[in-house]
Structures are given as C-alpha cells and as structure tokens.
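Report on one structure; see the data block that follows.
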Protein chains: 2
Amino acid sequence: MVSVATVSRVLNQNGYVNEETERRVRQAMKELNYKPNEVARALFKKTSKTVGLIVPDITNPFFPELVRAVEDVMNIYDYTVILCNSDEKVEKEREYIEVLKQKYVDGVILTTNQFAPEEVEEWDVPIVVLDRPLHERYPSVVADNYEGARLATRHLYEVGCRRIAHIQGPNHVVNAMERFRGYQDEMRALGLGDRQLVIQGNYQLKQAKEAVMAALAEHDMDGIFAGNDAMAVGALKAVQQCGLRVPDDIAIIGYDGIPLTEMTTPELSTVSQPIYEMGAMAARILIKQIEGKPLEKLHYQLPVQLVVRQSTSRRGLT
Amino acid sequence: MVSVATVSRVLNQNGYVNEETERRVRQAMKELNYKPNEVARALFKKTSKTVGLIVPDITNPFFPELVRAVEDVMNIYDYTVILCNSDEKVEKEREYIEVLKQKYVDGVILTTNQFAPEEVEEWDVPIVVLDRPLHERYPSVVADNYEGARLATRHLYEVGCRRIAHIQGPNHVVNAMERFRGYQDEMRALGLGDRQLVIQGNYQLKQAKEAVMAALAEHDMDGIFAGNDAMAVGALKAVQQCGLRVPDDIAIIGYDGIPLTEMTTPELSTVSQPIYEMGAMAARILIKQIEGKPLEKLHYQLPVQLVVRQSTSRRGLT
DNA sequence: GTGAAAGCGCTAACAT
DNA sequence: ATGTTAGCGCTTTCAC
C-alpha cells in the first residue's frame with residue numbers, strides 16, 4: 001500500500017517518488033478507475049480549472065462561433081467553461097461575476113464595455129475582454145472596427161454609390177460607435193461629408209428593417225452600410241419589400257461575416273471579422289494570465305477583411 | 001460574536017436561530033460583503049449548483065436557442081451551466097461526463113442518442129436527454145418528429161407537389177430517422193409510395209446544396225422536404241442556381257423553425273419545433289430530478305407546428 | 001523517498 | 001438557541 005500523499009505526489013508530478021512506486025500507483029488508479037475529486041482539489045488550491053464566459057446573448061448569431069472557439073481552446077488546457085448570458089445588463093453581469101467567484105473560477109472572459117476599471121479591479125480575478133475594449137488596463141481582443149467601417153464605406157463608393165447610408169448599432173456598444181466613426185471619417189475623406197445619412201439601429205434585424213423602410217420613404221440612397229450582418233439582412237428585406245433591387249438600385253454591405261451572410265439571396269457582402277480566432281486568442285490570453293505567464297501584449301487588434309458578394313456587385317457607376 | 005455554525009444556520013435556514021441573532025448575522029454579512037465559498041460547500045454536500053449541458057455544436061443554429069433556454073431556467077434556480085460541444089463524438093461526450101462528474105455537477109442535459117443504457121447507468125448522475133430520445137429509462141424532451149415530417153410532406157402535396165423529394169439527415173441521428181419515416185409513411189398514405197426520392201444529407205447546408213444539385217440533374221421533382229432548415233437553405237440555393245423558381249417550379253419546406261428561415265428570399269416554410277420550450281422543459285425536469293421530486297412523466301413529446309411561408313406558397317395545383 | 005497530520009471553508013451531528 | 005467538533009477529499013509541510 002501507499003499513502004494518499006504519495007498518490008497526490010504522482011498525480012501532481014510533485015516531490016520525489018520512486019519509479020517503481022509510481023508505476024504501481026498508476027496501475028492501481030487505472031484498475032480502481034480512480035478519478036481525483038476536483039472539488040476537493042479546488043478547495044485546497046483555490047483554483048477550479050473552470051472559467052466563466054459572459055456574452056450578451058448566445059442567440060445572437062455572432063456569438064456561437066466565439067463561444068465555440070473559447071470552449072475549444074479551454075478544453076485543450078483542461079479547463080471547463082461556464083456560459084453566462086447577460087443580455088447586456090450590467091446588473092446581470094455583476095451577479096454572474098459574483099457567482100463565478102464563489103465557484104473559484106480561474107478567470108473570466110467577457111464581452112462588455114460597461115464597467116468602470118475600479119470595479120473590475122475589486123473583482124480580483126483574471127479577465128480578458130472580448131470584442132469590445134473595456135479599459136487599457138485589461139487585456140483585450142478586438143477587431144479593427146474603425147478600419148473595417150472605412151473599408152465598407154469606401155467599397156460602396158467604389159461600386160458607384162454616392163448616397164451612402166449607415167445603420168448604426170446601439171450607442172452603448174463601443175464597437176458600434178467605432179464603426180460609426182469609421183463611416184463618418186471615410187465619408188468625409190470621399191468628399192461626401194455632407195451626404196451622410198445615419199439610421200439608428202440596435203443590432204436587431206427587425207428593428208433595422210423598419211428603420212430602413214422609414215428611411216427609404218424620406219431619403220434617397222444608393223448604398224447601405226449596416227453596423228452588423230443582422231441589420232444588413234433587415235435592410236435587404238426592407239429594400240426588396242419596397243420593390244427596389246439589390247445591388248442595382250441599392251447596394252448593401254454588412255459587418256461581422258457570420259455564416260448567415262451566405263444564406264440570403266443575394267448573398268451579402270460584409271466585413272468579416274476573424275471571429276473564431278478572436279475567441280481562441282482571448283482564451284489563450286486568459287490561460288497565460290492564469291498561469292502567471294507574462295503577456296507580450298495587452299491589447300490585440302485583429303485585422304478585418306472585406307468580403308465582396310452579390311449584394312454589392314454591380315458594374316454601373318453613377 | 002457568533003460561531004461559524006450559526007452563520008451556516010442562517011445561510012441554510014437550518015436549525016433554530018434567535019431572530020435578533022439572525023438579524024445581526026445578516027447585517028454583518030452585508031457589511032463585510034461575505035459570500036460563502038461554494039467550493040467548500042460543494043465538497044461537503046456533494047452538490048455544486050452546477051449542471052453540464054452537452055450539445056453537438058453550438059455553432060449549429062439549432063442549438064443557441066436551446067442552450068439559452070436551459071441557461072435561463074437554470075439561472076432562476078441558482079444553477080450555473082457548463083457548456084460542452086461534443087461534435088457528436090461519443091468519445092468526447094464520455095470525456096465530458098467524466099470531467100463533469102469530477103466537478104460534482106448535479107446533473108447533465110445531453111443531446112445524443114449514442115449511449116447504451118448500461119453505460120449511462122454507471123455514470124450515476126441525473127440526466128435528461130434533449131431533442132433525441134436515448135432510452136425509455138431516461139427522462140427525455142423531444143418534439144414530434146414523425147408527425148412533423150408527415151405534416152410537411154402532406155403540405156407539399158396540398159400545394160400541388162406530386163414528386164416530393166426528402167433530404168435525409170445523418171443516419172445515426174434518431175430524429176432524422178423519425179422524420180424520414182414520417183416522409184415515407186405519408187408518401188404512401190398519399191398514394192405516392194412509389195414516387196419517393198431520398199437525397200442523403202448530413203444536416204449541413206453545403207453538402208445538401210451539392211446533393212440537391214446532383215439530384216436535380218437526374219430526377220424530376222416539384223417539392224423538397226428537407227430534414228432540417230440548414231439543408232432547406234442548401235436546397236433553395238441549389239434550385240435557384242439551376243435557374244428554377246421557388247416555389248413555382250419547386251416548393252421547399254424545412255424543419256426546425258430556426259430564425260434563419262425568415263431571412264432567406266423567399267422566406268422558408270418549415271415545421272417549427274418549440275425550441276426554447278424544449279430547452280426550458282429539459283432544465284425543469286433535471287431540477288426536479290436533482291431535488292428528488294417525482295416526475296409526473298418521464299417522456300415529453302412536444303407538438304410541432306407547420307409554418308407556411310413563401311417557399312411553398314403557390315396557387316397552381318398540378 | 002515516504003508517511004502522518006494539518007488545513008482549505010463549509011455543514012451536520014453532538015453537546016450544552 | 002448556540003458553540004464545539006469532526007470530516008468532506010485533496011495537497012503540502014514536516015518528520016523520519
């Protein structure tokens with residue numbers, strides 16, 4: 001027989017163990033199908049091999065891929081992920097953080113920009129912010145929203161659009177604001193500064209569709225840059241419903257590059273973010289932090305890519 | 001001062017505590033911002049207020065809503081959910097079960113039909129099977145796949161289709177087989193038993209599109225019942241690409257009722273499952289089991305609903 | 001190199 | 001009605 005201490009030593013590759021003893025222990029563990037109790041281990045080590053992942057709403061088609069990426073990477077390193085839907089409510093986010101801490105999660109990845117750094121500081125748990133920058137103090141992985149928006153706007157210009165509208169995302173979401181800023185700057189750079197037309201959206205298809213319907217009744221436009229893909233679909237529906245053709249009468253480009261964009265007719269042009277890579281990178285950064293390794297960089301801004309499909313493919317220039 | 005035992009007593013509403021003392025304890029807890037350590041509690045009670053949720057792939061648009069429902073309900077009862085993507089691999093599912101058990105999860109909801117009941121028995125953890133029946137021994141929540149398939153097939157017949165093809169889902173997925181069976185039986189009932197045309201799909205858009213392209217080259221058809229919505233979109237793309245019109249030349253109906261069906265042009269008819277309700281019900285059943293309450297019923301089969309949209313709306317009867 | 005023992009923070013007897 | 005204590009299963013000193 002051997003003592004529990006010895007078993008623990010072989011499990012943790014910790015302290016000295018006779019080779020022969022180690023062999024016997026491993027053999028016995030296998031035979032008895034012994035699996036160490038992770039809860040007891042967590043209690044002692046104050047670390048649970050579990051992380052929290054807080055997203056606004058997994059039902060929003062932008063997030064599944066992000067979540068999947070995080071889960072995949074975490075899984076490689078033997079971490080397990082607790083999924084939390086916050087609906088963008090600070091209160092819910094706060095509650096989740098509380099619960100997660102009570103469970104000794106080793107870290108949290110969150111998609112939010114609503115917290116004051118002082119509050120985050122108090123949480124005293126490693127975090128990584130994903131998709132939306134929170135504060136320079138905290139590691140983040142985001143895509144280049146500003147540049148992507150300029151790209152999209154310029155692309156519409158290049159296919160001949162001159163009256164380019166932008167459907168803006170929610171005001172409290174930083175990345176939506178960055179995209180808006182990109183639109184504004186590019187419009188000015190194109191000499192269309194005074195032709196700007198901004199439609200207020202909330203990242204939802206339905207609302208965007210209605211807003212575009214309303215806008216079409218009052219304004220002339222020949223191109224729409226939507227703040228995300230869902231709203232681009234909304235715009236597409238609105239335009240088609242008004243009897244106008246896409247891309248001939250109005251060209252449309254979305255943002256995010258979710259699979260949905262390939263399912264519409266016509267297929268939607270979009271600015272694609274490396275969604276999976278963003279999630280994977282956030283996960284890797286969190287692990288580094290947990291393991292106390294130094295981060296080469298605190299903030300990662302991934303490049304976006306213009307994806308041209310049918311919704312902006314037209315020959316004629318105005 | 002009070003002893004830890006007393007604090008525990010007020011926390012658990014357990015044993016007798018002087019009212020005045022309770023007040024003081026609660027006050028102190030608030031002031032000190034004391035939060036009990038859930039890990040220690042779990043170690044003692046062998047229950048962690050955490051459940052596992054194993055789905056094939058959160059990236060598949062059928063699952064986000066299901067996951068969301070589970071999370072919502074679990075949240076109400078103060079449970080937290082660990083999300084696991086199995087890619088339909090038994091091996092991965094097994095590993096997850098192992099890990100979850102080591103973490104003392106109180107129960108597991110899983111979407112699979114690949115386990116022998118003897119194996120599940122050994123896990124010795126409350127489970128609920130979701131979307132796919134596993135075995136009569138285990139509580140399950142599924143929709144009426146057979147009836148839904150008959151509904152879809154009959155609907156195509158009623159809008160005038162006589163050469164109705166079915167795109168079948170993967171063979172190892174029971175619900176896909178149920179739908180296939182429904183198609184067969186209904187075709188026979190309609191007197192079209194010898195006009196059946198089955199296209200093998202794997203629940204993926206892309207593969208379905210190609211399979212339909214190939215089928216269109218060889219066979220005549222005027223209606224397609226796809227085993228799920230993703231494949232219906234694939235079929236839609238294939239048909240359109242062949243220069244045929246939907247629904248005039250070929251009517252298409254999908255299955256599941258995911259939001260995607262409203263985003264295509266034309267919008268897709270489908271058999272909608274009460275996805276959110278299924279997830280929520282599975283969660284409620286799991287909680288009942290965990291709390292040791294009796295289940296009125298072991299197996300819940302929820303009704304499905306025919307949703308008619310543009311992809312099957314045509315006047316002309318053949 | 002290995003065993004004995006203390007302790008992580010909690011809860012449930014068992015005293016008082 | 002409340003305090004004291006043992007123990008959940010693990011890891012880590014500290015002896016030997």
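What you see below is based on every heavy atom in this structure, not just the backbone, and it leaves out hydrogens, waters and symmetry mates. Keep in mind it's a predicted model, so treat the numbers as computed, not measured.
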Taking any heavy-atom pair under 4.0 Å as a contact, classify B:Val2: base, sugar-phosphate, or nothing.
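Since only primed, P, OP1 and OP2 atoms lie under 4.0 Å of B:Val2, the category is sugar-phosphate.
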Counting the atoms with a prime plus P, OP1 and OP2 as sugar-phosphate, which does B:Thr6 contact under 4.0 Å by heavy atoms, base, sugar-phosphate, or nothing?
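Counting heavy atoms under 4.0 Å across all strands, the contact made by B:Thr6 is with sugar-phosphate only.
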Could you state the atom-to-atom distance from [atom1] of [X] to [atom2] of [N] in whole Å?
X	N	atom1	atom2	result
B:Gln13	C:dA12	CD	P	13 Å
B:Tyr104	D:dC10	OH	C1'	10 Å
A:Tyr16	D:dT11	OH	P	19 Å
A:Arg9	C:dG1	CZ	P	11 Å
A:Lys103	C:dG9	NZ	C1'	16 Å

[N] OP1/OP2 closer than 4.0 Å to side-chain N/O of [X]:
X	N	result
A:Thr21	C:dG1	no
A:Asn37	D:dC10	no
A:Asn14	D:dT12	yes
A:Tyr34	D:dC10	yes
A:Arg41	D:dG9	no
B:Asn18	D:dA1	no

Please work out which residues in residues 43-52 of chain B have a non-hydrogen atom less than 4.0 Å from an atom of DNA chain D and list them by number.
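The answer is B:Leu43, B:Phe44, B:Lys46.
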Could you check whether any side-chain N or O of [X] sits under 3.5 Å from a backbone N or O of [Y], counting only pairs where one atom can act as donor and the other as acceptor?
X	Y	result
B:Glu71	A:Asn85	yes
A:His135	A:Ala116	no
A:Tyr138	A:Pro117	yes
B:Asn145	B:Glu178	no

Go through the steps to decide whether A:Thr50 and A:Lys103 satisfy the test side-chain hydrogen bond (donor to acceptor under 3.5 Å, both in side chains), and finish with yes or no.
CA-CA 9 Å; A:Thr50 306; A:Lys103 302 208 175 193; over 6 Å; no
Select from A:Leu11 and B:Ser3 the residue whose nearest nucleotide in DNA chain D is closer to the 5' end of that strand.
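Counting from the 5' end, the first nearest nucleotide belongs to B:Ser3.
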So if I take the C1' atoms of five pairs at each end of the helix from C:dG1-D:dC16 to C:dT16-D:dA1 and get each local axis, what angle do the two axes make, rounded to 10 degrees?
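End-to-end axis angle for the helix from C:dG1-D:dC16 to C:dT16-D:dA1: 50°, rounded to 10°.
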Closest contact, heavy atoms only, B:Asp256 versus B:Ile275:
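Taking B:Asp256 first and B:Ile275 second, the nearest heavy atoms are O-CD1, 3.8 Å.
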B:Val304 to B:Ala143 - nearest heavy-atom pair and separation:
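Scanning both residues, the minimum pair turns out to be CG1-CB, 3.8 Å.
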Do A:Asp131 and A:Asn175 have side-chain N/O donor and acceptor atoms under 3.5 Å apart?
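Yes.
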Considering only side-chain heavy atoms of A:Pro36, which listed nucleotide, D:dT11, D:dC10, C:dC10, is closest?
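For the A:Pro36 side chain, the nearest candidate turns out to be D:dC10.
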Considering only distance and modelled atom types, tabulate donor-acceptor pairs under 3.5 Å from the side chains of residues 74-82 of chain B, sequence neighbours left out.
residue, atom, partner, partner atom, Å
B:Asn75, OD1, A:Tyr96, OH, 3.4
B:Asn75, ND2, A:Tyr96, OH, 3.3

Heavy-atom side-chain proximity of B:Arg41 to B:Lys49 below 4.5 angstrom
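Of all side-chain heavy-atom pairs linking B:Lys49 with B:Arg41, none is under 4.5 Å.
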